[in-house]
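Just so we're on the same page: letters track the sequence lines, and every chain starts at 1.
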Amino acid sequence: MVQQFAILQNQMSAIMAMLQRAPAPSLSTEDQPVEALNKRQRNSITIEEYSSHLDYVQGSNSSSRLRHVIASGFGSNLFVQTSLLNFYKKCEEVALGRKVFDEITEKNVVAWSAMIGGYSRVGMVNEAFRLFRDMQRAKVEEPYGMTMVSVISACTVSGALDLGKWLHAYIDKKAIKNDVEVSTALVNKYAKCGCIEKAKEIFEAMPVKDTKAWSSMIVEFAIHGHAEEALETFSRMEEAKIEPNNVTLIGVLLACAHGGLASEGRKYWSCMLESGIEPSIEHYGCMVDLLCRANLIEEAYGFVESMPIDPNPAIWRTLLVSCKKNKMLDKGEIVAERLLKLEPLNAENYMLQVRIG
DNA sequence: TTAGGGTTAG
């Protein structure tokens, strides 16, 4: 009997995991009933009602399974509840996640971490910190590295450097396992809060560095205008035989752009194509920025025209500002026309156009 | 069984 119960629990958790892998429900269009409610009304909606809403939004597949989970009576099981909480978190429906969290009678460290992570994910940093304090008061088990990563991320979002320093000291004091994820979160937090040297110190002390850790350091060096250090870090990454990915290359191209290194940027672009990394709109954006900063406007324009994917408004704006800076009014008009056609309701674009004229 | 880190451009 106990074994059967455990099997059923596993099945429920597996269903929740499956639901989490399903695409997040879109709640943004006007004709969807829950979105039409105000925030207070939405917070008071029941899970069953939300389940019906999912049915409306997504068709019957995932929602009927969700309803089945809830109706089965397993909704009060800790693992099922935590999975459901995580499901809402991934849908960025934190109010509904909180509702589930509050219903958990014996919250363990995983449930607390999941809820803190949910707040952190949507930028509700005060709530994330408040819950972390509540967690400490509730005297659950000591927080693990995973918990700390969520709280550190909240610091990164809010730029709360002092609190971040306190968390760093807390991790050391409590001897929380400082694994690659925790260290990367700290590197990112210090850099985003303006302390690039401290970020570098933590990065260098990491015994194991994976692709995300290397990418984070490269991107942060680039953002801080340390182009040489970013490219040197990329070389070290290659020497360490860690495979770069699309984010790594964004950092490399950004470093070249900020450092005025147009020819190096072209070289890395070619290397990226040869290595099989598919350039995304972000990579194209970096290249346009790179060429524009080097005042190579014609080349940038030709590059945009030859893109196999549609340029986004930000790319056209980058070009437009550069046309203005270089007094290329004819070209600026063509670019402005393309931008306004693409994004006619953004007032900022009209301001840029007035300045051109 | 359930929780975590990196993503550009005026």
Side-chain angles (χ1 to χ4, degrees), chain A residues 6-17 20 77-87 89-90 97 100-101 104 107-118 120-121 143-154 156 177 179-189 191-192 199 203 206 209-220 222-223 244-258 279-293 300 311-325 339 348-349 351-352 355:
Chain A
I7 292 168
L8 277 170
Q9 277 188 339
N10 284 341
Q11 287 173 343
M12 290 301 118
S13 290
I15 289 168
M16 293 312 303
Q20 284 164 35
N77 173 272
L78 173 63
F79 294 106
V80 174
Q81 283 173 310
T82 312
S83 301
L84 184 59
L85 163 56
N86 197 37
F87 168 76
K89 185 181 89 178
K90 290 184 177 169
V100 175
F101 175 76
I104 301 176
K107 302 174 178 64
N108 65 2
V109 69
V110 178
W112 283 94
S113 302
M115 194 63 242
I116 292 169
S120 182
R121 184 186 176 110
Y144 298 151
M146 280 192 187
T147 321
M148 299 314 294
V149 167
S150 292
V151 191
I152 294 166
S153 298
T156 308
K177 193 183 170 199
D179 55 19
V180 64
E181 287 88 0
V182 171
S183 294
T184 306
L186 285 172
V187 165
N188 195 34
K189 185 269 296 179
K192 288 279 191 309
F203 175 76
M206 287 171 71
K209 302 179 182 76
D210 63 7
T211 299
K212 285 186 179 179
W214 284 100
S215 302
S216 182
M217 196 67 252
I218 292 166
V219 168
E220 294 305 335
I223 288 172
N245 66 9
N246 58 329
V247 180
T248 322
L249 266 299
I250 286 174
V252 169
L253 294 174
L254 187 64
C256 294
H258 284 207
S280 64
I281 192 75
E282 290 85 4
H283 297 102
Y284 284 103
C286 286
M287 273 306 282
V288 173
D289 182 47
L290 180 144
L291 296 170
C292 285
R293 281 177 193 251
N312 63 15
I315 286 180
W316 287 117
R317 265 194 299 278
T318 303
L319 261 180
L320 182 56
V321 171
S322 295
C323 288
K324 175 180 179 283
K325 188 177 149 200
L339 175 62
E348 180 190 11
N349 296 336
M351 294 301 292
L352 289 172
R355 285 193 201 151

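Contacts of A/Val187 with the nucleic acid, taken as non-hydrogen atoms under 4.0 Å apart, are absent. In this structure, A/Ser216 reaches the sugar-phosphate backbone alone: every heavy-atom distance under 4.0 Å involves primed, P, OP1 or OP2 atoms, never a base. Base engagement by A/Val110 is indicated by at least one non-hydrogen atom pair under 4.0 Å involving a base atom. Nucleic acid contact for A/Ile250: base, since at least one base atom lies under 4.0 Å from a heavy atom of the residue. Residue-level contact check: A/Ser153 touches the backbone only, with heavy atoms under 4.0 Å from sugar-phosphate atoms and none from bases.
Counting distance only, with no hydrogens placed and no angle test, the side-chain atoms of A/Asp210 and the base atoms of B/dG5 include a donor-acceptor pair under 3.5 Å. A donor and an acceptor atom never sit less than 3.5 Å apart when one is taken from the side chain of A/Thr318 and the other from the base of B/dA9. One donor-acceptor pair, N or O on each side, does fall under 3.5 Å between the base of B/dG5 and the side chain of A/Thr184. In terms of polar N and O atoms assigned as donor or acceptor, the side chain of A/Asp179 never comes within less than 3.5 Å of the base of B/dG5 in a complementary pairing.
Of the possible polar contacts, one joining the A/Thr147 side chain to the A/Tyr144 backbone as a donor-acceptor pair under 3.5 Å is found. Judged by distance alone, the side chain of A/Ser183 and the main-chain N or O of A/Val180 form no donor-acceptor pair under 3.5 Å.
The interatomic distance linking A/Glu220 (CD) with B/dT7 (P) rounds to 6 Å, in whole Å. Regarding A/Lys90, its NZ atom lies at a distance of 10 Å from the P atom of B/dT2, rounded to whole Å. The distance from atom CD1 of A/Ile104 to atom C1' of B/dA3 is 11 Å, rounded to the nearest whole Å. Regarding A/Leu186, its CG atom lies at a distance of 12 Å from the P atom of B/dG6, rounded to whole Å. The CG atom of A/Leu320 sits 13 Å away from the C1' atom of B/dA9 (whole-angstrom rounding). Rounded to a whole Å, the CZ atom of A/Phe203 is 18 Å from the P atom of B/dG5. Straight-line distance from the CG atom of A/Asn245 to the P atom of B/dT8: 14 Å, rounded to whole Å. At whole-Å resolution of the value, NZ in A/Lys177 and C1' in B/dA3 are 15 Å apart.
With sequence neighbours excluded, no residue forms a side-chain hydrogen bond (donor to acceptor under 3.5 Å, both in side chains) with A/Thr211.
Here A/Asn188 reaches the OP1 or OP2 of B/dG6: one of its side-chain N or O atoms lies under 4.0 Å away. Regarding contacts with the backbone of B/dA3, a side-chain N or O of A/Asn86 is found under 4.0 angstrom from either OP1 or OP2. Contact annotation: A/Arg293 side-chain N/O to B/dG10 OP1/OP2 distance is under 4.0 Å. Checking the phosphate oxygens (OP1, OP2) of B/dG4, a side-chain nitrogen or oxygen of A/Lys89 falls inside 4.0 Å. Close to B/dG5, at under 4.0 Å from its OP1 or OP2, lies no side-chain N or O of A/Lys209.
Comparing atom distances between the A/Val182 side chain and each of B/dA3, B/dG4, B/dG6 picks out B/dG4 as nearest. Here the nucleotide nearest the side chain of A/Met146, chosen from B/dG4, B/dG5, B/dG6, is B/dG4. Comparing B/dA3, B/dT8, B/dA9 by their closest approach to the side chain of A/Val109 singles out B/dA3. Picking from B/dT7, B/dG5, B/dA3 the nucleotide with the shortest atom distance to the side chain of A/Tyr144 gives B/dA3. Distances were taken from every side-chain heavy atom of A/His258 (C-beta onward) to each of B/dT2, B/dA9, B/dG6; the shortest belongs to B/dA9. Side-chain proximity of A/Ala314 to B/dA9, B/dT8, B/dA3: nearest is B/dA9. The nucleotide whose nearest atom lies closest to any side-chain atom of A/Phe79 is, among B/dG6, B/dT7, B/dT2, B/dT2.
Among all heavy-atom pairs drawn from A/Lys209 and A/Phe203, the shortest one is CE-O, 2.9 Å.
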Dump the intermediate steps for side-chain contact (heavy atoms from CB on, under 4.5 Å) on A/Phe79 and A/Thr82, then the final yes or no. CA-CA 5 Å; A/Phe79 294 106; A/Thr82 312; 5.7 Å; no
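Judged by a 6.0 Å distance limit and a 45° cone about the ring axis, A/Lys107 is positioned over the six-membered ring of A/Phe101.
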Kindly list each side-chain donor-acceptor pair under 3.5 angstrom involving residues 280-291 of chain A, sequence neighbours excluded, with atom names and distances?
{"residue": "A/Ser280", "atom": "OG", "partner": "A/Glu282", "partner atom": "N", "Å": "3.4"}
{"residue": "A/Ser280", "atom": "OG", "partner": "A/Glu282", "partner atom": "OE1", "Å": "2.7"}
{"residue": "A/Ser280", "atom": "OG", "partner": "A/His283", "partner atom": "ND1", "Å": "2.9"}
{"residue": "A/His283", "atom": "ND1", "partner": "A/Ser280", "partner atom": "N", "Å": "3.0"}
{"residue": "A/His283", "atom": "NE2", "partner": "A/Asn246", "partner atom": "O", "Å": "2.8"}
{"residue": "A/Asp289", "atom": "OD1", "partner": "A/Arg293", "partner atom": "NE", "Å": "3.2"}
{"residue": "A/Asp289", "atom": "OD2", "partner": "A/Arg293", "partner atom": "NE", "Å": "2.9"}

